[in-house]
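The structure appears right after this line, and notes come after that.
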Amino acid sequence: MDAVTYDDVHINFTQEEWVLLDLSQKRLYKDVILETYRNLAAIGYKWEEYNIEEHCQNSRIHGR
């Protein structure tokens with residue numbers, strides 16, 4: 001069994017797709033992604049490959 005990676009669980013919605021989600025779906029996405037970040041960090045996942053701050057900033061810009 002292979003290890004699960006960030007790319008296995010991350011969903012990157014386009015702006016057009018994001019607009020189609022209702023508020024509860026957006027909240028669920030946020031909750032799942034935050035929990036995924038915490039879980040990966042807890043098992044020692046290295047964030048060097050990803051600029052999490054940039055990702056979060058881009059998400060806020062697009063209303064995510």
(request) List, by chain and number, the other hydrophobic cluster members for L28, where Ile, Leu, Val, Met, Phe, Trp and Tyr join if side-chain heavy atoms come within less than 4.5 Å, directly or indirectly. (result) V32

(request) Check side chain to side chain contact (heavy atoms under 4.5 Å, CB included) between L21 and all other residues, then give those that pass, not counting sequence neighbours. (result)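 Testing L21 for side chain to side chain contact (heavy atoms under 4.5 Å, CB included), a comparison that skips the adjacent residues, returns F13, W18, Q25, K26.
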
(request) Starting at CD1 of I33, measure out to CZ of R38 and round the result to the nearest 0.5 Å. (result) 11.0 Å

(request) For D22, check side chain to side chain donor-acceptor pair (under 3.5 Å) against everything at least two apart and list the hits. (result) S24

